[in-house]
S.K.: 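Please see the structure below; I have some questions.
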Amino acid sequence: MKNYYITTVAKFHEYKDHFHPQHHGHYIDVGGGKILLAATWPEHEFARERWESDPEVHVLPRVFHEGTIPLKHEHVEMLRGHETLGCEHGDTILHVAKKAAAVCPSLKLTGL
């Protein structure tokens, strides 16, 4: 299952070898030095906990467990930097995943 994050390109490259070897991680630049990343982790990846506790990584709500919860204000503001993403207050991760897939198909929710 894909998980969505806001982080930096440098942080992505620091961890990219830990993402799932077949599905990897894919991202789009959202401005302000940030990226929206969709990443898949192997089942027992030790780096995931470290990644998600890194202060440069913003963990977005989990699709299946928190898919209807609106994004935090700070996350919406970070995502607003992308011209065509069109993220708005009240959007959920399901909205963001759909909008991101329209920009970059590799970020779509399904396809594992």
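Here the structure is a predicted model, which means the values were calculated and not measured.
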S.K.: Testing the basics here: between V76 and E88, what is the closest heavy-atom pair and its distance to 0.1 Å?
M.R.: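 Closest heavy-atom pair between V76 and E88: CG1-C, 3.7 Å.
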
S.K.: Do Y15 and D54 make a side-chain contact, defined as non-hydrogen atoms from C-beta onward lying under 4.5 Å apart?
M.R.: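 Yes, side chains in contact.
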
S.K.: Would you say that R62 contacts Y4 through its side chain, given a criterion of any heavy-atom pair below 4.5 Å between the two side chains?
M.R.: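 No; the side chains remain at least 4.5 Å from each other.
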
S.K.: Measure the CD-CG distance between E77 and L71 for me, rounded to the nearest 0.5 Å.
M.R.: 11.5 Å

S.K.: Could you grab the distance from atom NE2 of H13 to atom OG1 of T8, nearest 0.5 Å is fine?
M.R.: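 If I round to the nearest 0.5 Å, the distance is 9.5 Å.
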
S.K.: Using side-chain heavy atoms (C-beta onward) and a distance below 4.5 Å, is I35 in contact with T7?
M.R.: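 In contact.
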
S.K.: Side chains of H58 and E74: closer than 4.5 Å at any heavy-atom pair?
M.R.: yes

S.K.: Does the side-chain contact (heavy atoms from CB on, under 4.5 Å) test come out yes or no for L85 and I28, once each step is laid out?
M.R.: CA-CA 10 Å; L85 198 57; I28 55 174; 4.3 Å; yes

S.K.: Would you please name every residue forming a salt bridge (charged side-chain N to carboxylate O under 4.0 Å, His left out) with E14, sequence neighbours left out?
M.R.: K11

S.K.: Which pairs count as ring-ring contact (aromatic ring centres under 6.0 Å, His included) when at least one residue sits in residues 79-98, sequence neighbours excluded?
M.R.: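 Output for this query lists H73-H89.
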
S.K.: Could you check whether any side-chain heavy atom of V96 comes within less than 4.5 Å of a side-chain heavy atom of C87, counting everything from C-beta outward?
M.R.: yes

S.K.: Out of curiosity, F12 CZ to E56 CD, how far, rounded to the nearest 0.5 Å?
M.R.: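 With rounding to 0.5 Å, CZ (F12) is 14.5 Å from CD (E56).
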
S.K.: Sequence neighbours left out, what passes salt bridge (charged side-chain N to carboxylate O under 4.0 Å, His left out) with D29? Give chain and number order.
M.R.: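 Applying salt bridge (charged side-chain N to carboxylate O under 4.0 Å, His left out) to D29 gives none.
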
S.K.: List in chain and number order the residues that pass salt bridge (charged side-chain N to carboxylate O under 4.0 Å, His left out) with R50, two or more places apart in sequence or in another chain; answer none if no residue qualifies.
M.R.: none

S.K.: For I69, enumerate each residue passing the side chain to side chain contact (heavy atoms under 4.5 Å, CB included) test, keeping only those at least two apart in sequence or located in another chain.
M.R.: E66

S.K.: Go through it in stages, so that I can follow the logic: the residues are V63 and K2, the test is side-chain contact (heavy atoms from CB on, under 4.5 Å), and I'd like the CA-CA distance, side-chain angles, deciding distance and then a yes or no.
M.R.: CA-CA 8 Å; V63 173; K2 288 185 181 171; over 6 Å; no

S.K.: With a 4.5 Å heavy-atom cut-off, do L37 and N3 have their side chains touching?
M.R.: no

S.K.: In a table with atom names and distances, give each donor-acceptor pair under 3.5 Å that connects a side chain of residues 97-105 to protein atoms at least two apart or in another chain.
M.R.:
unit_1	atom_1	unit_2	atom_2	d
K99	NZ	G86	O	2.8
K99	NZ	D91	OD2	2.7

S.K.: Judged by atom type as modelled, is there a donor-acceptor pair below 3.5 Å linking the side chain of Y27 to the main-chain atoms of L107?
M.R.: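 Flag not set: sc Y27 to bb L107 has no pair under 3.5 Å.
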
